[in-house]
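The structure appears right after this line, and notes come after that.
Only this structure's heavy atoms are used, side chains among them; waters, hydrogens and symmetry mates stay out.
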Amino acid sequence: MADVQNCDSCSSSPLELFERVTAQGEKVRSLKAGKASTDEIDAAVKLLLSLKVTYKTATGQDYKAGSPPVDFSPVSNNGPTTTQDEDFVDPWTVQTSNAKGVDYDKLIVRFGSSKIDKELINRIERVTGKTPHHFLRRGIFFSHRDMNQILDAYENKKPFYLYTGRGPSSEAMHVGHLIPFIFTKWLQEVFNVPLVIQLTDDEKYLWKDLTIEKAYEYAIENAKDIIACGFDINKTFIFSDLDYLGMSSGFYKNVVKVQKHVTFNQVKGIFGFTDSDCIGKISFPAIQAAPSFSSSFPQIFKDKKDIQCLIPCAIDQDPYFRMTRDVAPRIGYLKPALLHSIFFPALQGAQTKMSASDPNSSIFLTDTPKQIKTKINKHAFSGGKDTIEEHRKYGGNCEVDVSYMYLTFFLEDDDKLEKMKQAYTSGALLTGELKKVLIETLQPLVAAHQQRRKQITDEMVKQFMTPRKLAFNF
C-alpha cells in the first residue's frame, strides 16, 4: 500500500508553493542564460517539474505564471473547499498545521466513513468474547465502513477474510509501520480468518526513484519484518505484486475488471493524477483494489466470489477503497469493509511527517537500545514547559507531547497510561521522566522484534509467499 510521502513542499500553502514554482522557474532561466553546466540545469529543471506536480496535487490546478491560486480545492478529498488551516490527506501526502495532528472527526465527515463508537466496540467484544484491542479502546483505529456487516456475517457463521498491505519504499521499517500489522494479527486471532498481505513493490517502482530489482528486494526484506510480527503461516498469504500478478489469472482478471469500470477523469478526481503522470500510476489503483475480491485468490477461496473482505489500514489509504467500493457492485462483487487508523506521529511532532530518509524522524526496527534512547531524549517533541518550576506549576500537555502519543500506541496497561497522563498534566511527572518510560517501553519491544526477525529464513519467506491453500475449507 502507498506510504505517506514526506517532503518540505507537502506542508506549504498553495500560495507558498506557487511562489516556489515561480522562483524555481526564474532560477532555471538564469542558469540557461548564464550557460551553466548541463547537470546543474537538469537538476534545476527536475526540481521545477516536481514542484509543479506538487502544486497541481495540492490545488487541482495547473501552474500558470502570473496567476496565483484563488480557489484551493485538494482533488483527493472529494469534500468541501479546504483552506490553509485545514488538513490535507491523500495516499501520498498528509499535512496539518495543528500540533495535535489531523482533526479526525472532520476527516470522517469529509471521507464519509463512520466513527468507531463505544457501541461498536462493545459489539466486537460480545461477538468475539475477547477484550477489545487497546488500539480500539484508545481510538487509534477510529473509523470504519460496514464493520457491522462483518459482525453480522460472523454471527451467522459466514466467512470473511482480512486484507492489508505495505508499500516497500525502504529496507528498514519504523515502529509506526507495525501498527496495521499488530492490529491485523489481533483480528486474525480473535476471528480465526484467512489473511492476505499485499506488498506493492510495483507501486514503489512507479512512484520512487528505484529499480524494479531494488523494489522487489525491499518487498522481501519488509516481508521478514511482517512475518516477525508473529503471523500464522497456515492462515496467511503474503505476496509481491511483481511476483503474483504474473502467476494468478484470477487476480489479473479482477485488475482488468476494475480498470474497465473506472475512467481517467475519476482517478484524476480521486488521486490528483495529472496528464504528465506515467500510465503505470494511473492504472495502479486497480491493482490495490483487486485483493478486496476473494476470486483474486483461487488457491485460498476456490471459485467463491462472495466472501467479504475486511481491510485494516491507515485512513490515507481510504481513497483507493472508496473507488473499490464504488466499482464492486458493478462487477458483481461485495464491497470491502474497512477499519481506519490514525497516523503515527514523527518524533518532531504530530504536524510533521516521518521520512524513511530521515533516521531521526522515527524509531526504526533496526535501532539499537542506545539509538532509541538518544533519539527520544534528543528529538521527541515535548508538551512540557520550559523550566521545571513552570512545569510543576502549570503541567504538561499530553495532546501535543510525542512521548505520550507513542505510549498510547505501545503501552498496553490502561491504568498506568492514565496515571501518567494525570501526573504529567498536573506537573508531578517531568518530560524527562515521561521520556524514560517511553524508552523503557520501546527498547524491549524493538529488541524482541529484532530477535524474532533473526530467526526468519529465506525459506520461511518463500513459504509465506507461495500461493497455496490455507488452513480453511471453502
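Ion pairing between a basic and an acidic side chain is recognised when a charged N comes within 4.0 Å of a carboxylate O; Asp414 and Arg138 show such pairing. Ion pair Glu155/Arg123 flagged as a salt bridge, since at least one NZ, NE, NH1 or NH2 atom sits closer than 4.0 Å to an Asp/Glu carboxylate oxygen. Contact check on Asp87 versus Lys106 returns no salt bridge, with no Lys/Arg side-chain nitrogen under 4.0 Å from an Asp/Glu carboxylate oxygen. Look at Lys224 and Asp458 and you find a salt bridge, because one of the NZ, NE, NH1 or NH2 atoms lies within 4.0 Å of a carboxylate O, short of that distance. Look at Arg325 and Asp146 and you find a salt bridge, because one of the NZ, NE, NH1 or NH2 atoms lies within 4.0 Å of a carboxylate O, short of that distance. Salt-bridge annotation for Asp232 and Lys185: absent, with no side-chain N of the basic residue lying under 4.0 Å from a carboxylate O of the acidic one.
The structure places CD1 of Ile287 at 9.5 Å from OG1 of Thr200, a figure rounded to the nearest 0.5 Å. Note that CG of Leu338 and CZ of Phe141 are 10.5 Å apart. Values are rounded to the nearest 0.5 Å. Distance check, rounded to the nearest 0.5 Å: OG1 of Thr128 to CD1 of Ile124 gives 7.5 Å. Atoms NZ and CG, from Lys214 and Asp201 in turn, are 13.5 Å apart once rounded to the nearest 0.5 Å. In this structure, the separation between CZ on Arg137 and CD1 on Ile121 is 9.5 Å, given to the nearest 0.5 Å. Distance NE2/His449 to SG/Cys229: 6.0 Å, rounded to 0.5 Å.
By the 6.0 Å contact criterion, NZ on Lys281 is enclosed, its count of non-hydrogen atoms from other residues, nucleotides or ligands being greater than 12. Counting non-hydrogen atoms of other residues, nucleotides and ligands closer than 6.0 Å to CD of Glu119 gives a total of 12 or fewer. Residue-environment remark: NZ (Lys302) stays at or below the threshold of 12 foreign heavy atoms within 6.0 Å. In the displayed structure, Gln299 atom CD is contacted under 6.0 Å by more than 12 heavy atoms of other residues, nucleotides or ligands.
Put simply, the side chain of Gln288 never gets that close to the backbone of Pro285: no donor and acceptor are under 3.5 Å apart. Under the 3.5 Å distance criterion, the side-chain polar atoms of Arg452 are left unmatched by any main-chain donor or acceptor of Gly230. One N or O on the side chain of Gln188 and one on the backbone of Lys235 form a donor-acceptor pair closer than 3.5 Å. A distance-only check finds no donor-acceptor pair linking the side chain of Asn254 to the backbone of Ser249 [under 3.5 Å]. Although no hydrogens or angles enter the test, the distance criterion places a donor-acceptor pair under 3.5 Å between the side chain of Asn156 and the main chain of Asp152. In terms of modelled atom types and a separation under 3.5 Å, the side chain of Asn222 and the main chain of Glu171 share a donor-acceptor contact. Formation of a donor-acceptor pair under 3.5 Å by the Arg468 side chain with backbone atoms of Thr466 is found in this model. Judged purely by atom type and a 3.5 angstrom limit, Ser296 has no side-chain atom pairing as donor or acceptor with the backbone of Ser292. In this structure a side-chain-to-backbone donor-acceptor pair under 3.5 Å is present from Ser283 to Gly280. No donor-acceptor pair closer than 3.5 Å links the side chain of Thr236 to the backbone N or O of Phe231.
Nearest approach of Met323 to Phe271, heavy atoms of both residues: SD-CE1, 4.1 Å. Nearest heavy-atom pair across Ala219 and Leu199 is O-CD1, 3.4 Å. Smallest separation of non-hydrogen atoms from Cys313 and Gln317: SG-CB, 3.9 Å. Residues Ser403 and Leu438 share a closest heavy-atom pair of CA-CD2, 3.7 Å. Across every non-hydrogen atom of Ala314 and Ser341, the tightest pair is CA-OG, 3.3 Å. Taking each heavy atom of Thr274 and Phe264 in turn, the nearest pair found is O-CZ, 4.4 Å.
Under the 30°/60° scheme for interplanar angles, the aromatic rings of Phe297 and Tyr244 are found to lie parallel. Classified by interplanar angle (parallel below 30°, tilted 30° to 60°, perpendicular above 60°), the ring pair His174/Phe364 is perpendicular.
Under the 4.5 Å side-chain criterion, counting only non-hydrogen atoms from C-beta, Asp62 is not in contact with Tyr55. Taking the side chain as every heavy atom from C-beta outward, Leu347 and Ser361 never approach each other to under 4.5 Å. Within the 4.5 Å cutoff, no side-chain heavy atoms of Gln348 are placed close to those of Val402. Contact check for His340 versus His144: no side-chain heavy atoms found under the 4.5 Å cut-off. Contact of the Ile315 side chain with the Ile342 side chain is not registered, since no non-hydrogen atoms from C-beta on lie closer than 4.5 Å. Side-chain contact between Arg322 and Asp326 is absent, with no heavy-atom pair separated by less than 4.5 Å. Looking at heavy atoms from C-beta onward, Val175 lies in side-chain contact with Ser362 at the 4.5 angstrom threshold. Asp241 has its side chain out of reach of Tyr216: every pair of non-hydrogen atoms, C-beta onward, lies at least 4.5 Å apart.
With sequence neighbours excluded, the residues forming a ring pair (Phe, Tyr, Trp, His ring centres under 6.0 Å) with His133 are Phe135, Phe183, Trp186, listed by chain and number. With sequence neighbours left out, Phe191 forms a ring pair (Phe, Tyr, Trp, His ring centres under 6.0 Å) with Tyr154, Phe160. Annotation: side-chain contact (heavy atoms from CB on, under 4.5 Å) contacts of Lys100 (sequence neighbours excluded): Asn98, Glu399, Val400. In this structure, Tyr205 has no ring pair (Phe, Tyr, Trp, His ring centres under 6.0 Å) partners at least two apart in sequence or on a different chain.
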For Ile456 and Val461: C-alpha separation, side-chain torsions, deciding distance, then whether side chain to side chain contact (heavy atoms under 4.5 Å, CB included) applies.
CA-CA 7 Å; Ile456 290 152; Val461 174; 3.9 Å; yes
Run the numbers on Tyr404 and Tyr406 for ring-ring contact (aromatic ring centres under 6.0 Å, His included), then give the verdict.
CA-CA 5 Å; Tyr404 178 78; Tyr406 276 32; over 10 Å; no
Go through Val256 and Lys253 one step at a time and tell me if the side chain to side chain contact (heavy atoms under 4.5 Å, CB included) criterion holds.
CA-CA 5 Å; Val256 174; Lys253 281 172 188 167; 5.9 Å; no
Where do Arg166 and Asp225 land on the salt bridge (charged side-chain N to carboxylate O under 4.0 Å, His left out) test, with the steps shown first?
CA-CA 11 Å; Arg166 157 89 183 128; Asp225 277 308; over 6 Å; no
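Defined by atom type and a distance below 3.5 Å, a donor-acceptor pair is present between the side-chain atoms of Lys257 and Tyr333. A donor and an acceptor atom, one from each side chain of Asp318 and Ser113, are nowhere located under 3.5 Å apart.
Residue pairs meeting the ring pair (Phe, Tyr, Trp, His ring centres under 6.0 Å) criterion with at least one partner in residues 450-474, sequence neighbours excluded, are Phe301-Phe474. Residue pairs meeting the side-chain hydrogen bond (donor to acceptor under 3.5 Å, both in side chains) criterion with at least one member in residues 305-315, sequence neighbours excluded: Gln149-Gln308.
Remark: Arg145 fails to qualify as a cation-pi partner of Phe321 under the 6.0 Å distance and 45° angle criteria applied to the six-membered ring.
Aromatic ring centres of Tyr163 and Tyr161 lie farther apart than the 6.0 Å criterion allows.
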